[in-house]
Amino acid sequence: MALGPPTRRRNYSAAEWGEKSSADLMSRYVSNETGYGVPEEGWRICLAHEFKEKRKPFQAKDVSLSNVLEHIGLGIRYLKWWYKKTQVEKKAPFIDMFRAQPLRQIYGAPLGGIGGGTITRGWRGEFCRWQLNPGMYHYKTVTANQFTVCLRRGGQTVYQQVLSVERPPTLQGWNWGYCGEYAFYHALYPRAWTVYELPGQKVTLTCRQVSPVIPHDYQDSSLPVAVFVWDVENNNDFALDVSIMFTMVNGSGHKDDKCGGHWNEPFHLEKEGEAVSGVLLHHCPAVNPYTLCIAAREQPDREVSHQTAFSPKGTCSGLWSDLITDGRLDSPTGSSPPTPKGEKVAAALAAGCSVPAQSRSSLEFCLAWDMPTITFGSREREHIRRYARYFGSKGDAAPSLGHYALTHYRQWERSIEEWQRPVLQDSSLPSWYKSALFNELYFVVDGGTVWTELPEDADVSGGVRSEDGGLPAQPAVVKEFGRFAYLEGQEYRMYNTYDVHFYASFALIMLWPKLALSVQYDIAGSVVQQDPTERLHLMSGRCSPVKAQNVVPHDIGDPDDEPWQRVNAYLIHDTADWKDLNLKFVLQVYRDFHLTQDSQYLRDMWPVCQAVMESEMKFDLDGDGLIENSGYADQTYDGWTVTGPSAYCGGLWLASLCVMCKMSRLADNEETYQRYRDILDRGSAAFDKLLWNGKYYNYDSSGRDLSNSVMSDQCAGHWFLRASGLGEGEYKAFPKEKIQSALKSVFDLNVMSFAGGQMGAVNGMRPEGVPDRSSVQSDEVWIGVVYGLAATMIHEGMLEEGMRTAEGCYRTVWERLGMAFQTPEAYCEKNIYRSLAYMRPLSVWAMQLALSTSPKDRTTSAQTGAPDGEQREEESEG
């Protein structure tokens with residue numbers, strides 16, 4: 001890695017700070033047990049840990065008085081809209097400023113592959129976050145969903161314990177209150193381990209949770225399944241019979257669990273010489289019915305037994321006694337009657353084996369859920385999930401899914417280990433980074449994600465064909481790999497929010513490039529279409545069309561409505577006048593081409609790139625080759641006003657011109673090249689003259705008191721050039737020494753002069769070293785922006801600074817604030833955070849791209865899972 005100019009060394013004592021921060025999470029662990037096969041790297045926490053800091057979500061009341069006065073119209077209009085949405089239409093608002101989710105410091109790695117719905121388990125083992133209805137979350141811990149262990153010696157049960165630290169008011173016939181100081185949780189997504197020492201029993205259990213999230217795999221990665229492998233270590237001098245019981249309620253803790261008509265049935269499935277058995281829980285609401293499946297693998301020396309139905313209320317001591325008597329369940333035949341209205345039903349499955357003295361055995365369980373056809377909130381049309389291509393769309397696939405998972409999970413684990421090994425074994429990379437890189441990937445699956453088939457009658461560009469600047473009705477990539485959508489955030493309910501996807505897209509293009517390209521085709525198809533329906537925009541109070549032609553949409557819709565069909569669920573601003581969306585499309589098109597070398601994609605996107613650049617030209621009001629912002633928050637920082645030429649949008653504009661020059665050459669179009677080159681040369685001169693102050697680029701050129709604030713994201717355009725193998729020689733937009741000086745200013749001010757250098761980079765900093773408090777967003781830290789900034793520093797040879805910058809965010813979110821597996825959009829130095837479980841932090845993968853890109857030959861290394869041309873892709877899929 002070529003390093004730039006030597007940076008001033010400081011005594012960061014970063015190692016001590018970091019080690020203490022990680023060690024805190026395990027400080028209450030009293031056992032010496034390390035479990036079976038638990039990796040060293042990842043996020044590790046004792047089940048007895050309590051986070052000291054309790055933060056509050058940002059709410060309307062947190063806005064400062066000056067900001068309230070400035071946005072009084074917005075407040076009134078939002079209130080009226082919110083009332084109509086929630087009280088009249090009985091719908092969920094796409095952003096709820098009055099009912100933000102409280103912080104629950106409980107979440108662990110989600111279960112399931114991509115796009116089939118998710119069930120998240122907490123790090124203490126609870127089943128607590130549900131997204132089975134596409135894109136719609138509810139946060140209920142279902143108490144009866146548990147694993148229980150039973151130990152028997154010489155025909156007598158000697159120990160039986162629910163593996164939960166909770167002491168709930170229900171199910172009091174069960175033995176609750178496992179001592180959390182004897183257990184720890186370890187996450188290295190898409191796998192997680194929980195290690196339980198059973199006090200006084202000389203037995204250690206390791207539960208390994210495996211989900212099929214496998215880079216470059218477009219089949220198994222779509223499956224709605226997870227496997228739990230229980231390794232039982234018997235450290236006694238005598239044999240023990242060990243049973244694990246898995247209990248599951250028919251439903252998700254939602255009110256429809258009591259709507260009646262749900263029923264369970266046992267099943268046994270044998271194929272290819274492998275048998276699994278378990279219970280199917282048929283959940284039958286009026287909309288989006290599904291089947292849950294709990295299954296265990298049958299082997300000669302394993303006994304699998306079940307209880308088809310029990311009522312998960314009262315003391316529930318019948319089930320407890322059933323297990324305690326002989327370590328197995330009664331296993332009745334036949335299905336349970338449908339539940340009456342107001343009643344819930346649950347099922348139990350037990351697997352048992354004998355574990356000889358001083359040895360180890362394992363038991364394998366699976367949880368699958370089958371909801372192959374879905375409707376979104378409008379219920380206008382039916383969509384088929386990706387996995388139905390392999391398991392059918394009839395809703396009868398749960399047994400096959402369970403069987404497939406239990407017979408293939410070892411293969412998945414081999415693929416996962418092979419993908420992660422080069423990073424985990426690289427001793428030059430710090431431990432926190434390895435955890436951040438893999439654990440932040442949870443959002444690809446748990447971002448309200450849907451992965452559906454392109455319907456037979458769909459036309460991605462609304463009838464505008466390639467010869468007219470549009471696209472084929474069914475582009476090959478979308479037809480073959482399906483449609484993909486993930487939310488801006490679990491609380492900001494808009495699919496594929498494009499100004500944010502710009503940052504997050506690195507994870508997709510490096511790991512599932514076909515999904516990244518599919519998203520681009522959908523966005524391009526929307527660009528060439530329009531929706532002239534007038535509607536009120538809440539910030540300006542003016543009416544304008546939902547979607548203008550030849551501009552990039554803000555998002556492709558709300559899952560509570562009809563995504564793809566009706567785009568732009570976001571109605572705070574009219575984003576047709578945003579300055580960043582079109583540019584982010586152009587920059588992603590070339591970055592994606594650079595990483596995939598897919599020339600058909602480039603040919604398809606080229607006319608759309610030209611169209612959005614034409615639309616963008618109108619923002620250069622004075623013809624100096626540089627666009628101007630319009631005096632409101634007209635870009636991704638949608639609460640931070642910007643006026644005239646600005647570092648952020650101006651930089652994205654120059655980078656886009658640079659990329660247009662490169663693409664013109666690839667298209668053999670010299671005339672277009674000359675046109676963009678001329679604008680780039682003039683624009684670069686104007687950018688320098690209007691924004692460069694000798695140390696960094698000013699926030700904007702409005703001449704306001706705060707226009708010389710230091711913006712952490714001022715080099716975003718240059719970052720994308722670097723990620724695309726450009727930024728030097730003929731294809732550069734910014735002088736190297738100015739970029740390095742700007743990054744150094746950001747490091748010294750936004751990072752090291754903020755919160756003791758331990759919380760990442762604040763968005764806006766005054767040159768005198770205090771945060772810019774002029775807006776609700778300028779004094780926030782945006783984790784996804786910080787990971788992108790760190791990547792830019794690494795590209796520029798500032799490895800140590802880049803790592804230090806990103807480390808502050810990781811440690812704040814995962815170790816201090818208890819926001820594991822729900823990384824928010826933003827936090828302030830004190831007290832508040834905003835928008836939990838957010839898309840942008842997937843940009844940590846941009847750091848991996850930067851680390852794996854050598855300055856001489858800017859292609860990506862085979863080790864990262866980053867595609868480098870089609871041939872690697874075929875190898876990895878073969």
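For this chain, numbers begin at 1 and follow the sequence in order.
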- Query: Under 3.5 Å, is there a donor-acceptor pair linking the side chains of Trp653 and Glu616?
  - Reply: no
- Item | Side-chain donor-acceptor pair present, Glu488, Asn496, cut-off under 3.5 Å | no
- Query: Okay, side chain of Gln714, backbone of Met711: is any donor-acceptor separation there less than 3.5 Å?
  - Reply: yes
- Has the side chain of Ser843 got a donor or acceptor atom that lies under 3.5 Å from a matching backbone atom of Gly784? yes
- Query: Is there a donor-acceptor pair closer than 3.5 Å between any side-chain N or O of Arg804 and the backbone N or O of Phe747?
  - Reply: no
- Message: If only side-chain N and O atoms count, and only distance matters, is there a donor-acceptor pair under 3.5 Å linking Ser544 with His537?
- Response: yes
- Message: Using the rule side chain to side chain donor-acceptor pair (under 3.5 Å), only one of Ser701, Ser646, Ser702 pairs with Asn629; which is it?
- Response: Ser646
- Message: Taking salt bridge (Lys or Arg N to Asp or Glu O under 4.0 Å) as the cut-off, I'd like each qualifying pair that reaches into residues 490-504, sequence neighbours left out, listed once.
- Response: Arg493-Asp558
- Query: Between Gln848 and Tyr433, do the side chains contain an N or O donor and an N or O acceptor separated by less than 3.5 Å?
  - Reply: yes
- Message: Please verify the inter-ring angle class for Trp82 with Phe98; under 30° counts as parallel, over 60° as perpendicular, anything in between as tilted.
- Response: perpendicular
- Query: For Ser707, which residues count as a side-chain hydrogen bond (donor to acceptor under 3.5 Å, both in side chains) partner, sequence neighbours excluded?
  - Reply: none
- Message: Holding to side-chain contact (heavy atoms from CB on, under 4.5 Å), I want the full list of residues that pass it with Lys140, two or more places apart in sequence or in another chain.
- Response: His138
- State which residues pass side-chain hydrogen bond (donor to acceptor under 3.5 Å, both in side chains) with Tyr139; sequence neighbours excluded, sorted by chain then number. Gln490
- Query: What is the minimum heavy-atom distance between Val751 and Ala761, and which atoms define it?
  - Reply: CG2-CB, 3.7 Å
- Task: Output, in order, the C-alpha distance, side-chain angles, deciding distance and verdict of ring-ring contact (aromatic ring centres under 6.0 Å, His included) for Tyr648 and Tyr637.
- Result: CA-CA 10 Å; Tyr648 184 68; Tyr637 297 88; 5.3 Å; yes
- Item | Pair Met798-Leu743, side-chain contact (heavy atoms from CB on, under 4.5 Å): steps then yes or no | CA-CA 9 Å; Met798 298 167 66; Leu743 289 172; 3.8 Å; yes
- Message: Test: salt bridge (Lys or Arg N to Asp or Glu O under 4.0 Å). Region: residues 775-795. Which pairs qualify, not counting sequence neighbours?
- Response: Arg773-Asp779, Glu780-Arg834
- His554 ring center within less than 6.0 Å of Trp578 ring center: yes
- Got a donor-acceptor contact below 3.5 angstrom from the Asn698 side chain to the Asp700 backbone? no
- Message: Pro767: which residues meet the side-chain contact (heavy atoms from CB on, under 4.5 Å) condition with it, sequence neighbours left out?
- Response: Tyr696, Asn708
- Taking only residues two or more places apart in sequence or in another chain, which ones pass side-chain contact (heavy atoms from CB on, under 4.5 Å) with Asp622? Asp620, Asp624, Glu628
- Item | Test side-chain contact (heavy atoms from CB on, under 4.5 Å) applied to Thr636 and Lys584, step by step | CA-CA 11 Å; Thr636 196; Lys584 287 172 171 176; 3.6 Å; yes
- Query: Checking side-chain contact (heavy atoms from CB on, under 4.5 Å) for the pair Trp692/Phe734: CA distance, chi angles, key distance, verdict?
  - Reply: CA-CA 11 Å; Trp692 182 251; Phe734 312 92; over 6 Å; no
- Message: With a 3.5 Å distance limit and no angle check, can you tell me whether Ser753 reaches the backbone of Asp748 through a side-chain donor-acceptor pair?
- Response: yes
- Could I get the full list of side-chain hydrogen bond (donor to acceptor under 3.5 Å, both in side chains) partners for Asn568, not counting sequence neighbours? none
- Message: For Phe687 together with Tyr697, are the ring centres under 6.0 Å from each other?
- Response: yes
- Task: Answer yes if the side chains of Thr812 and Gln758 hold a donor-acceptor pair under 3.5 Å, and no otherwise.
- Result: no
- Task: Mind running side-chain contact (heavy atoms from CB on, under 4.5 Å) on Asp577 and Thr575 for me, showing each step along the way?
- Result: CA-CA 5 Å; Asp577 280 331; Thr575 58; over 6 Å; no
- Query: salt bridge (Lys or Arg N to Asp or Glu O under 4.0 Å): which pairs involve residues 98-109, sequence neighbours left out?
  - Reply: Asp96-Arg99
- First locate atom CG of Leu536, then atom SG of Cys543, and finally report the distance between them rounded to the nearest 0.5 Å. 5.0 Å
- Residues at least two apart in sequence or cross-chain that pass side-chain hydrogen bond (donor to acceptor under 3.5 Å, both in side chains) with Ser630, listed by chain then number, are Lys579
- Message: Does this structure show an ion pair linking Glu562 with Arg566, if we count only N-O contacts that are shorter than 4.0 Å?
- Response: no
- Task: Without swapping roles, check the side chain of Asn763 against the backbone of Val781 for a donor-acceptor pair under 3.5 Å.
- Result: no
- Query: ring-ring contact (aromatic ring centres under 6.0 Å, His included) between Phe720 and Phe502: does it pass, once the steps are laid out?
  - Reply: CA-CA 10 Å; Phe720 255 70; Phe502 175 73; 4.0 Å; yes
- Task: Could you list the residues that satisfy side-chain contact (heavy atoms from CB on, under 4.5 Å) with Asn439, not counting sequence neighbours?
- Result: Trp43, Ala187, Tyr189, Ser435, Trp814, Phe821
- Message: According to salt bridge (Lys or Arg N to Asp or Glu O under 4.0 Å), does anything in residues 812-830 pair up with another residue at least two apart or in another chain? List the pairs.
- Response: Glu53-Arg816, Arg811-Glu815, Glu825-Arg840
- Message: Closer than 3.5 angstrom, by distance alone: can the side chain of Lys80 be matched with the main-chain N or O of Arg77 as a donor-acceptor pair?
- Response: no
- Message: One pair to check against side chain to side chain donor-acceptor pair (under 3.5 Å): Arg591 and Ser505. What are the steps and the verdict?
- Response: CA-CA 10 Å; Arg591 189 247 355 235; Ser505 59; 2.9 Å; yes
- Exercise: do Asp561 and Ser378 side chains pair donor with acceptor under 3.5 Å: no
- Heavy-atom donor-acceptor pair, Thr805 side chain to Glu801 backbone, under 3.5 Å: yes
- Step through it carefully: locate the ring centre of Trp640, locate the ring centre of Tyr632, and say whether they are under 6.0 Å apart. no
- Query: Hey, what's the ring geometry for Phe438 with Trp845, parallel, tilted or perpendicular (30° and 60° as the breaks)?
  - Reply: perpendicular
- Task: Could you tell me whether a side-chain N or O of Gln777 sits under 3.5 Å from a main-chain N or O of Asp638, the two making a donor and an acceptor?
- Result: yes
- Just by distance, do the side chain of Asp555 and the backbone of Tyr570 share a donor-acceptor pair under 3.5 Å? yes
- Message: Aromatic contact between Phe51 and His49, with the criterion being ring centroids under 6.0 Å apart: yes or no?
- Response: yes
- Message: Taking the six-membered ring for Trp, are Tyr495 and Tyr486 closer than 6.0 Å centroid to centroid?
- Response: no
